[in-house]
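When reading the values below, keep in mind they use all heavy atoms of this one structure, side chains included, and skip hydrogens, waters and symmetry mates.
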Amino acid sequence: MFAIPGKQAVTMTPRAASQISKLMDRAGHAGLRIGIKKGGCAGMEYTMDYVDEADPNDEVVEQDGARVLIAPMAQMFLFGTEIDYEVSLLEASFKFNNPNVAEACGCGESISFKVGEQ
């Protein structure tokens with residue numbers, strides 16, 4: 001929907017692609033759908049769900065054996081995002097380096113987007 005020819009909607013670091021690929025293989029799913037929903041203290045939250053088949057309107061990004069599907073309503077908010085996977089002593093989680101985010105809450109789980117800026 002919001003594609004630019006020759007440019008993927010999102011990119012994945014090698015760590016993220018490896019982790020997504022492992023999750024897909026372990027669970028036997030076709031991919032991981034990424035979306036957004038209202039919620040959190042900054043207004044929006046990322047969602048991640050296993051999927052067994054792509055919706056015809058999903059943007060499909062494949063990299064190093066990993067398949068990410070971007071939900072139609074999230075495509076304009078996620079375009080240009082880099083997905084990373086970080087491991088620390090206390091947690092392991094996906095991180096979204098999204099150039100469209102205007103602000104995030106302190107824990108980083110909730111975001112708001114730039115609206116109307118050019």
Which value, rounded to the nearest 0.5 Å, describes the distance between [X] atom [atom1] and [Y] atom [atom2]?
| X | Y | atom1 | atom2 | result |
| --- | --- | --- | --- | --- |
| Ile36 | Ile70 | CD1 | CD1 | 11.0 Å |
| Leu78 | Glu59 | CG | CD | 11.0 Å |
| Ile83 | Ile20 | CD1 | CD1 | 5.0 Å |
| Thr81 | Lys95 | OG1 | NZ | 14.5 Å |
| Asn97 | Asp84 | CG | CG | 6.0 Å |

Counting C-beta onward and ignoring hydrogens, is there a side-chain heavy-atom pair between [X] and [Y] closer than 4.5 Å?
| X | Y | answer |
| --- | --- | --- |
| Phe94 | Met48 | yes |
| Val10 | Glu82 | no |
| Asn98 | Tyr46 | yes |
| Val61 | Met12 | yes |

Are Met76 and Val68 connected into the same hydrophobic cluster when the rule is that any two of I, L, V, M, F, W, Y join if their side-chain heavy atoms are below 4.5 Å apart? yes
Looking only at non-hydrogen atoms, find the nearest pair between Ala92 and Tyr85 and report the distance. CB-OH, 3.2 Å
If every non-hydrogen atom of Met24 is compared with every non-hydrogen atom of Arg67, which pair is closest and at what distance? SD-N, 3.4 Å
Among Asp58, Asp55, Asp49, find the residue that satisfies the salt bridge (Lys or Arg N to Asp or Glu O under 4.0 Å) test when tested with Arg33. Asp58
Test: side-chain hydrogen bond (donor to acceptor under 3.5 Å, both in side chains). Region: residues 16-32. Which pairs qualify, not counting sequence neighbours? His29-Asp52
side-chain contact (heavy atoms from CB on, under 4.5 Å), that's the test. Do Ile34 and Phe96 meet it? Break it down for me. CA-CA 11 Å; Ile34 298 173; Phe96 294 84; 3.9 Å; yes
Side-chain donor/acceptor of Thr47 to backbone N/O of Gly35, under 3.5 Å: yes
